[in-house]
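First up is the structure itself, then whatever we jot down about it.
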Protein chains: 2
Amino acid sequence: MIALHDVARTAEVSKATASRALSGHGYVAAETRDRVISAAAALGYVVPGTSALPRGRTSTLGVVVPHINRWYFGEVLEGIEHALVSSGYDLTLYELSSDASERRRVMENFLVRRRVDAVIAVGIELTVSEVDLLRSLATPVVGIGGHVDGVTTLGIDDVAAAAIATDHLLALGHRDIVHVGADHYTEPDSPVYAQRLRGFRRAMATAGLEGRFRVSPLSIPDGFAHGLTLLADDTQRPTAIVAGSDEIAIGLLLAARQLGLAVPAELSIVGIDGHQLAELFGLTTLEQHPRQYGSSAVALVLATLAGSASETAPTWQPSPAHLVVRSSTSAPAHDSGREVV
Amino acid sequence: MIALHDVARTAEVSKATASRALSGHGYVAAETRDRVISAAAALGYVVPGTSALPRGRTSTLGVVVPHINRWYFGEVLEGIEHALVSSGYDLTLYELSSDASERRRVMENFLVRRRVDAVIAVGIELTVSEVDLLRSLATPVVGIGGHVDGVTTLGIDDVAAAAIATDHLLALGHRDIVHVGADHYTEPDSPVYAQRLRGFRRAMATAGLEGRFRVSPLSIPDGFAHGLTLLADDTQRPTAIVAGSDEIAIGLLLAARQLGLAVPAELSIVGIDGHQLAELFGLTTLEQHPRQYGSSAVALVLATLAGSASETAPTWQPSPAHLVVRSSTSAPAHDSGREVV
DNA sequence: ATGAAAGCGCTAACAC
DNA sequence: GTGTTAGCGCTTTCAT
């Protein structure tokens with residue numbers, strides 16, 4: 001275990017000088033610095049995580065997600081990870097199970113106790129007390145997906161997004177539209193699905209219609225299963241579906257095909273998210289950019305930590321997203337994107 | 001920021017006693033302990049990450065992956081995360097880009113410098129020098145996927161797995177079989193795809209045949225694209241395909257369907273991994289259990305850290321996996337699993 | 001420009 | 001049983 005001590009001794013300087021030489025803080029003679037740096041290199045020394053302890057820092061960024069193995073979250077994580085490389089910060093990952101007490105434990109015990117210098121909450125509805133807690137510790141927080149009061153959040157306006165998806169179908173002449181997605185009960189941590197449901201209902205109400213809603217877990221197999229039951233009986237089959245996520249939409253699409261329904265001729269489906277498979281399946285969907293949210297969020301928290309963008313009022317600005325309409329069921333044809341603020 | 005100091009003062013004891021009371025180590029009067037504990041609770045104190053510093057520990061487990069947003073890796077991560085909950089350990093995640101210097105930086109600067117107490121390498125071929133480095137620091141390492149000399153690794157025998165998949169097709173009477181997968185060049189960090197290729201070649205050679213090989217990135221869209229070019233021309237179309245991963249297999253399957261080919265009547269496809277969509281697509285595949293690998297790996301490293309299973313010779317035992325043969329292209333029908341050691 | 005010393009928040013020997 | 005002391009590996013005043 002090579003410690004600063006060893007580097008200092010090899011370079012024949014004190015620990016203090018070695019520290020300055022390596023960190024770049026404070027005065028140190030050019031010649032001395034070179035000696036220290038080559039000693040460090042020769043010994044294979046690299047600065048440990050404890051180095052920020054005296055400054056009360058951990059060099060660690062906490063990321064909280066409700067799920068790891070879902071496309072959207074995976075993209076966000078990759079975006080974060082890439083942005084973090086060569087920042088000197090580590091990414092520590094917390095998956096919040098749906099268990100409430102478990103959630104409390106993670107939030108309070110880990111995030112809050114100087115185990116992380118900042119937190120990025122992805123698809124998590126932080127409670128006011130959680131936000132207060134972090135704020136009282138001066139821990140920068142930025143959210144991704146949804147909207148949490150008082151914290152800068154990256155993501156689309158989910159209500160508007162679902163409304164646009166719905167309006168698209170209404171404009172196509174559809175009247176019997178159902179929303180297959182999640183709500184507050186199936187995705188208790190995440191605010192976005194309930195908002196998408198609201199957007200759907202709002203758009204339908206505005207058109208003077210009453211939309212149906214079916215709850216489904218957010219996976220392709222679940223979408224498929226729901227599709228089979230929903231679409232098999234043509235007395236209750238809708239002419240169009242707004243899916244709560246692309247996974248559901250793809251599942252529904254597969255179910256429709258399995259039942260021999262022509263999409264979009266006999267059934268129109270629109271999803272939300274921009275899943276990598278959307279184009280492959282010819283899925284009309286509202287695309288956002290989770291990977292960019294990740295890197296932008298990192299930039300934000302790092303800036304705050306560096307003291308630059310400190311406490312500018314956390315204003316929420318929905319990220320741009322656009323509806324990618326695909327008419328054929330399998331011939332990838334981009335664009336005709338409609339901007340969503 | 002509530003420190004142990006505050007708890008101690010509130011409970012009217014010394015920091016040492018407070019520490020003992022909270023950690024459970026060493027003698028402390030029951031009555032005193034209660035006082036400390038309630039003081040801690042009242043103040044909202046929780047032990048910080050620095051608590052293990054004096055013992056030279058970080059309470060952190062490093063996990064290295066080549067990709068985050070792929071089904072297999074996501075499953076492993078979820079398995080690890082779940083196993084870690086309430087262990088007191090944090091999971092810090094490193095995604096190794098394919099850039100070699102970047103990889104060196106991560107391996108040396110982060111993993112090795114007491115930033116983590118142990119590491120789990122998922123689908124990463126550690127070099128001997130990397131293993132030596134970690135070993136010299138007494139950092140426990142366990143691998144998942146593939147096989148690294150000197151480190152206990154969880155996963156199937158990929159050579160055998162691919163051979164079994166190939167043999168299955170041979171037994172079905174196929175002679176013109178192609179392998180669509182990755183090799184050392186497309187997935188430089190991961191040993192497993194090259195091994196699967198070897199298993200395929202070996203099985204073909206044993207049957208006195210020469211199998212064709214096509215390189216493809218490991219995603220559904222890429223599998224789809226390769227499928228279109230490979231299957232469109234029926235002069236060069238094989239009768240069966242061994243895919244290097246389920247993503248590729250599913251992509252191929254979709255391409256085949258798009259081209260109007262009946263699967264498995266006109267084209268047999270077998271995948272490897274047990275992707276959640278395999279059943280949905282009626283894909284015959286060799287299933288392993290990435291989530292369990294994750295939790296088992298955690299159990300292993302924690303045991304080593306706790307000193308129990310210390311330095312027992314790291315022997316590699318392939319995990320069980322079995323070939324799930326599905327005959328229909330869309331009717332989920334389990335079973336007829338063949339064990340693979 | 002450099003070194004000595006104090007201290008980040010905690011644990012562990014060692015005394016009492 | 002409990003307090004005192006030293007020290008984990010580093011950064012940072014404060015002298016010099």
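Note on naming: letters A, B, ... go to the chains in the order of the sequence lines (proteins, then strands), and numbering restarts at 1 for each one.
- Consecutive pairing runs in DNA chain D reach the stem threshold at C:1-11 with D:6-16, C:13-16 with D:1-4, where a stem means at least three Watson-Crick or G-U wobble pairs with distances under 3.5 Å.
- Annotation: proximity of residues 10-18 of chain B to DNA chain D (heavy atom, distance under 4.0 Å) is found for B:V13, B:S14, B:A16, B:T17, numbered in ascending order.
- Judged by distance alone with a 3.5 Å cut-off, a donor-acceptor contact links the side chain of B:R20 to the base of D:dG3.
- B:T58 and B:D117 share a donor-acceptor pair across their side chains, judged by distance under 3.5 Å alone.
- Between B:R9 atom CZ and C:dG9 atom C1' the separation is 14 Å, expressed in whole Å.
- Put simply, CG on A:D34 is 15 Å from P on C:dA1, counting in whole angstrom units.
- For C:dC14, neither phosphate oxygen OP1 nor OP2 lies less than 4.0 angstrom from any side-chain nitrogen or oxygen of B:Y27.
- On the P atoms, D:dT5 is 14 Å away from C:dA6, given to the nearest whole Å.
- At the phosphate of D:dT11, OP1 or OP2 sits under 4.0 Å from a side-chain N or O atom of A:S19.
- A sub-4.0 Å separation between OP1 or OP2 of C:dA12 and a side-chain N or O of B:R55 is present.
- Taking the side chain as every heavy atom from C-beta outward, B:L134 and B:V119 approach each other to under 4.5 Å.
- Regarding A:R115, its CZ atom lies at a distance of 16 Å from the C1' atom of C:dC8, rounded to whole Å.
- Under the 3.5 Å distance criterion, the side-chain polar atoms of A:T127 are matched with a main-chain donor or acceptor of A:E130.
- Checked options A:E78, A:R70, A:E75; the residue passing with B:N69 is A:E75 (criterion: side-chain hydrogen bond (donor to acceptor under 3.5 Å, both in side chains)).
- In this structure, A:S51 does not reach the D:dG9 phosphate: none of its side-chain N or O atoms is under 4.0 Å from OP1 or OP2.
- Per the geometry, CG belonging to A:L4 stands 15 Å off P belonging to C:dT2, to the nearest Å.
- Within 4.0 Å of A:T32, counting heavy atoms only, lie sugar-phosphate atoms of the nucleic acid but no base atom.
- Contact annotation: the side chain of B:L22 approaches that of B:Y45 to within less than 4.5 Å [non-hydrogen atoms, C-beta and beyond].
- Atom pair B:H25:NE2 and C:dA13:P shows a separation of 11 Å (rounding to whole Å applied).
- Position along DNA chain D of the nearest nucleotide to A:P54 versus B:A29 favours B:A29 as the more 5'-ward residue.
- In this structure, the CG atom of A:L22 is 13 Å from the C1' atom of D:dG9, given to the nearest Å.
- To the nearest 0.5 Å, atom OH of residue A:Y27 and atom OG1 of residue A:T32 are 15.0 Å apart.
- Distance CG/A:L93 to CD1/B:I68: 8.0 Å, rounded to 0.5 Å.
- The pair B:D132-B:R135 does not count as a salt bridge, with every side-chain nitrogen at least 4.0 angstrom from each carboxylate oxygen.
- Of the candidate nucleotides C:dG9, D:dC10, C:dT2, C:dG9 has the atom nearest to the side chain of A:L53.
- The local environment of CG in A:D149 is sparse, with at most 12 non-hydrogen atoms from other residues, nucleotides or ligands closer than 6.0 Å.
- Taking both residues in full, the closest heavy atoms of B:A52 and B:S59 are given as CB-OG, 3.7 Å, listed atom of the first, atom of the second, then distance.
- Taking atom CZ on B:R57 and atom C1' on D:dG9, their separation rounds to 16 Å, with Å as the unit.
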